[in-house]
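Just so we're clear, the structure is a prediction, and the values are computed from it rather than from any experiment.
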Amino acid sequence: MTQSRPNEFIPPPECPVFEPSWEEFADPFGFINKIRPIAENTGICKIRPPPGWQPPFACDVDRLHFTPRIQRLNELEAQTRVKLNFLDQIAKFWELQGCTLKIPHVERKTLDLYVLYKLVKEDGGFDVVCKERRWSQIALKMGFAPGKAVGSHLRAHYERILYPYYLFQKGANGFLLAKRTEGRCFKSEPGEVCENKPNLRRRMGSYVAKPEPVKNISVEVKEEPIEQQVEGEKAKVRVEQYMCLVCGGGGDEDRLLLCDGCDDSYHTFCLIPPLHDVPKGDWRCPKCLAQECGKPQVAFGFEQAPRDYTLRTFGDMADSFKSDYFNMPVHMVPTELVEKEFWRLVSTIEEDVTVEYGADIASKDFGSGFPVKNGTFKVSPEEEGYLSSGWNLNNMPVLDASVLTHVTADICGMKLPWLYVGMCFSSFCWHIEDHWSYSINYLHWGEPKTWYGVPGYAAEQLEKVMKNLAPELFESQPDLLHQLVTIMNPNVLTGHGVPIYRTNQCAGEFVITFPRAYHSGFNQGFNFAEAVNFCTADWVPLGRQCVEHYRSLNRYCVFSHDEMTCNIAAKADILELELASAVQKDMCAMILEEKMLREKAYKLGVWHSQQVDYDLLPDEERQCAKCRTTCYLSAITCPCSPDQLVCLHHIEDLCSCPVKSYTLNYKYTLAELKPLFQALTARAESYEDWASKVNKILKADQDDKNLEELRSLVVEAEKKTYPETDLLSHLCQVIQNADRCTSMAQQLLNGKRQTRYRSGGGKSQNQLTVEELRSFVNQLYDLPCTIRQAPFLKALLNRVEQFQQESSDLLAEDMPGSSALLGLLDEGASLDVELPQLAVLRQRLEQARWVEAVQEASDQPADLSLDCMRRLIDQGVGLAPHACVERTMARLQELLTVCEHWEEKAHNMLTARPRHSIVTLEAAIQEVDSIPAYLPSCLQLKDCVSRAREWIMEADALQAGGHIPGLAALSELVSRARGIPVMLEPPTRLESLVSEVQAWKESAANTFLLRNSSHSLLEVLCPRCESGPQKSKSKKAKDVSVPCKKVEVKLDSLFDVEKALSTSKDTASAMATLSDVHQKELESLSMMRTSNESKFQSSPSCLAPTVCLCHTVPAGPMLQCELCRDAYHSGCVPGFKDIQSGLPWLCPLCKLSEKPPLEKVLPLLASLQRIRVRLPEGDALRYVIERTVRWQHKVHLVFLSMVSQPHLMFLIHTYRGVVNVWMKIFGIVSCVTELSAELEELLVEGLLLQVTLPELQQLYSSLLNRFLPSQHSLQIPETKKEPEKLEKNSKRRLEKENIEGQHRDTIQKPKKKKPKMNKERRREEKQTTSPSNSLSDLSYSDDSEEDWSVCSAKKCQQPEGNEVNWVQCDGSCNQWFHQICVGVSAEQAENEDYICVSCSKNDLTE
């Protein structure tokens, strides 16, 4: 084809799909009547049964066999069939002339000869198109691209193939081809002589006509007239001589053609167009050609397939075809693809696809797909419901509500279902159902069936469009659309304004077509469907209209409509009122028409009549000979042909006999029809009267009726069993609406309505809107009855409208007060109506409250914090937009921005390094003061400036007037300055001053304190204030609260002393405090000395006293402190070997400091005076120096007295009594035992001083030289009551003097090993221990303690280092041994008693 390929198929819109509930599905006709207003607008609809409705397939598959129809797809489509018919005519035309048509190609496409022929004919013909040179336009119309010389090719092909046919068609009837002309030249194109071929329509893709060169032959045709003679005579005259029927000559016998049909002769050059050569095949003359081509075409129809199929064999064939065609499994082919391919195939003449369709298979022969009662298929008990189901297609046509119930004949396809077995592309063409009835189709199983439907109102439009697009088909077959053999592309029809809808019917779904709704479609694949017709009461008038339409088309009727009407009228008493009413109207029209036709027949002269029972005649024997209508009420017959009859509409078409000879045959007289009609009318009119009354009451202007009158009409309908018509449903709906309105109105008035129904069907807790209330009030007044609550609701509506007006006025203000808004909201809430203003009022109330909250916060700047502003802004962000809100929000955001800026700036100022000056901060504070908000950082900044001012004033006051500040006040001031984030000049000086003080304290501590001392500097410098013989110092109490009231100052602890010194106003008061403490110190020390000395004045019979740090009895060499007079074991005293001779020895508890020389102490006091800061340590140091100076003065006086007055020595009492026996027993010897009170006080005071003085050494040396004997040791006699364990002497042998025999005595050691002393500790003891206090001659070396220890083992191994571990015998000798020498481990020495060999032998001897 040269025409461009059609656009791809566009599917039409979908038809409605309904899914009834089980309740709706129980009444088929009721549901169909319910959906009819919607579905009849699309012509077809689809119904999906409720889930679970699946009838069993009851058809006998093994017994079912059928012969399908053959469908060639491109013959189905109307326009394609017209083209094929035209090509058949052209092929036949050339074939009869001995040529075979070969369709040429243009631009590599097959030339569409039909389109070319139609376009040239529409433009005036070949001559006109050539004259006006329109071939290029013809080419454009055929879809060829411009700019190419296609027009000349089209002209050549037209002139060679189509123009001769055109001339033949134009002059065939007048035999113009044999016209005699003289001197006329013809162009001749000799056709190619070929053997006969099959029909061209079967071989379009195989044979193509080849163009041949054209030769011009000039022929003169004689103008002699042709003698018209009878064929019989001509045969006699010219028996042996052949003459040309055109020119009449017999010459040029080699150019003379003999017709193979009639044996007429023609010269080749006398023909139009002339022939170049004599055809080799059969040739027909123009006369025979006209006869052959003028024969009418055979009516198109489907052929039957050559074979018979079963369901299985047909299914195998169908599935094989589809899978081979689409080259994929059948279930994977999309329905859209099959649909597009189907419409492509039916629209092309180049592809010939043939399918088969098992259509119109009678269910009575092989059984229905639905189970039926008394059928061969046995259903299970749970499937018995399908036997009587109204949706069973065997039951639907004969239901009580179906009109077809009253048709006595069993009509296949209408009352008995037909079966359909389809395959891919098998189709059913455009058609409407017989008698314009309903149809219902159920797809039992298989692949979908695609449907196309046209609404009934567009049926004539579809017929008109198809006739215009394919007039050739309807000229030969006026009832073509009733033959179910023609389809047309839905896109073509919709392009001409025909409404079309589609659907895909799947297995288990119903498709219903409505009266006079054209429908067509095709199958997607192998499937099994079942269909039947049915008619309802609404169809009755359409049925009579269809009979009139059939009469105009001379189409036979399937059944007699008049017979059906009379049968229904005969059962008037049991008819449903709706059907009775419809049939009554139809019968009235029937009787009037019959009466008119009989009167017309009488006027024409038909006077003879007879009654005939047409019920006994089959339909084919009572059909009108003219219109083929089935006669029932009456018919006309003639004696000349008793078997032929006509209806009263075609009396004149019966025969040529006089009308008077005709006979009127009638079923009923008009009088007999009257009782039938009256009975029907009586049944229908009672309903009509009731319906008229209902319609009158239901008018909107009848408002004087109450609700009870409407209820009485419903009661009447129930008593008379009126059908469930639309009118009754409407009346019930009106009553239901009135009841609902009454109830809702009462609830609205009572304010108790909770829920209401919306159009969606669901409940809503919302209230009525104003429009709904207004509509509801209007609805109340529009009801056909009065509602007493209507006036009250009208008053409520007026209140609502007043509320709306007040709301509009209040909302028009810029920002109304919250109280007014709240009052209006309360009023609106009381109306129990959904008011849109309430939401706006609530928004405005939130806005007003927010604005008021912002204003209230702004009026109290002290409470307007950043968090408050942010919270207000966050609350304001969620509010609806409003000018006032936006203004307030802008001001608030601006204030927040400023506040955040100053908060950040103030925070940065407070944390800045270096700190800002007070002037800068005060300038910033002045700017902050103008901000009406609570700013913590700014307030902190103000506080810092205020504190800085106060601090400066205090600092100036502290340093004013030459006052020397105390360290506590100074430190407190400096500490406060550090907490003030302001750059202050005085703190720098004060901090440096405090630093100097701290440096001084460190220097003093280094000077006085012992290494690793636990005493503080103040504790060393102050007089000792702790009382008690234990001499254990009290720790400094922490966090002791200072009492507020003035009380007597206590000096019982160092903390009290420090507190008193810190709070003293001047140096004099500090000195007085220290003097008091010193006095207490002397008193305490005196008591302690007395107590300690009294330990050794007891009688020897008493128990030994506890002494030393270890609180044990005296044992071995002992040392006595010159200050506290307590005795100490030499082994318990650290640094014993480092004791210097000639110096007084102090115990570790009495020696608190290094006692630096005075020359090192005086610079400390001088530097403290330069610092000009008072501190407790300084006062204590000053007091130490003052005591030292006073003591030195006293000593000088004593020395002077001792030199100038030697007799003063007698003041010293050498012995006040006998030396205590215990002193002699334990070897406790003091250098100075008994002094005078004056010297004792002087010596004690000197020992208490924390400085080293030469005067003290001189005093002590002089006293030592006078009172100690030359031998500084005493012999310790053995006593029977010696304690069990005595202290080991300090790892030195004691040489006992004044004892006869001068033998070496072994010193007993403690049982447990004594830890070795490291060298560092020895050095400390060396520095702190005076050997003058030793009771023996201590000649020692720097060797380790093991060097002077004596092992009692006979064969001592002399161990060194870590191996030197001791063990003491627990027997009677108490001797010491190296553990390694006696084979004792450290664990055994610790946990077990050890007895040496000697003691063991003694125990055995005893």
Q: Could I get the full list of side-chain hydrogen bond (donor to acceptor under 3.5 Å, both in side chains) partners for Trp1000, not counting sequence neighbours?
A: Ser1167
(Q) Nearest 0.5 Å, please: how far is CZ in Arg1187 from CE in Met1071? (A) 11.5 Å
Q. Can you tell me how far CG of Asn1092 sits from OG of Ser1094, rounded to the nearest 0.5 angstrom?
A. 7.5 Å
Q) Are Glu1245 and Arg1190 within salt-bridge range, i.e. N to O under 4.0 Å? A) no
Q: For residues Leu1249 and Lys1155, report the shortest heavy-atom separation together with the two atoms involved.
A: O-CE, 3.1 Å
**Q.** Minimum heavy-atom distance between Pro1359 and His1378, given as atom pair plus value
**A.** CD-ND1, 3.5 Å
Q) Hey, does Thr1112 have a side-chain heavy atom less than 4.5 Å from the side chain of Thr1106? A) no
(Q) Under a 3.5 Å distance rule, please check whether Asn1365 uses its side chain to pair with a backbone N or O of Gln1379 as donor and acceptor. (A) no
Q) What residues form a side-chain hydrogen bond (donor to acceptor under 3.5 Å, both in side chains) with Ser1153, not counting sequence neighbours? A) Gln1250
Q: Heavy atoms only: give me the nearest Val1184-Leu1021 pair and the separation to one decimal.
A: CG2-O, 3.2 Å
Q. Hey, does Val1077 have a side-chain heavy atom less than 4.5 Å from the side chain of Tyr1183?
A. no
Q | Which atom of Trp1191 lies closest to which atom of Leu1242, heavy atoms considered | A | NE1-O, 2.7 Å
**Q.** Value rounded to 0.5 Å, distance of CE in Met1088 from CG in Asp1126
**A.** 9.0 Å
Q. Do the side chains of Cys1124 and Leu1149 get nearer than 4.5 Å, heavy atoms only?
A. no
Q | Spacing of OH belonging to Tyr1128 relative to SG belonging to Cys1110, to within rounding of 0.5 Å | A | 10.5 Å
**Q.** Any donor-acceptor pair under 3.5 Å from Trp1145 side chain to Gln1120 backbone
**A.** no
Q.
Looking at every heavy atom in both Val1113 and Val1107, which two are closest together, and how far apart are they?
A. C-CG2, 4.2 Å
Q: Measure the spacing between CE of Met1087 and CG of Leu1085 and express it to the nearest 0.5 Å.
A: 11.0 Å
**Q.** Spacing of CG belonging to Leu1123 relative to CG belonging to Leu1248, to within rounding of 0.5 Å
**A.** 5.0 Å
Q: Using atom types as modelled and distance alone, determine if a side-chain donor or acceptor of Thr1090 lies under 3.5 Å from a backbone N or O of Ser1086.
A: yes
Q) Of the non-hydrogen atoms in Leu1009 and Ser1016, which two are nearest, and what is the gap between them? A) CD2-O, 3.8 Å
(Q) I'd like to check the salt bridge (Lys or Arg N to Asp or Glu O under 4.0 Å) partners of Arg1089; sequence neighbours left out, ordered by chain and number. (A) Glu1240
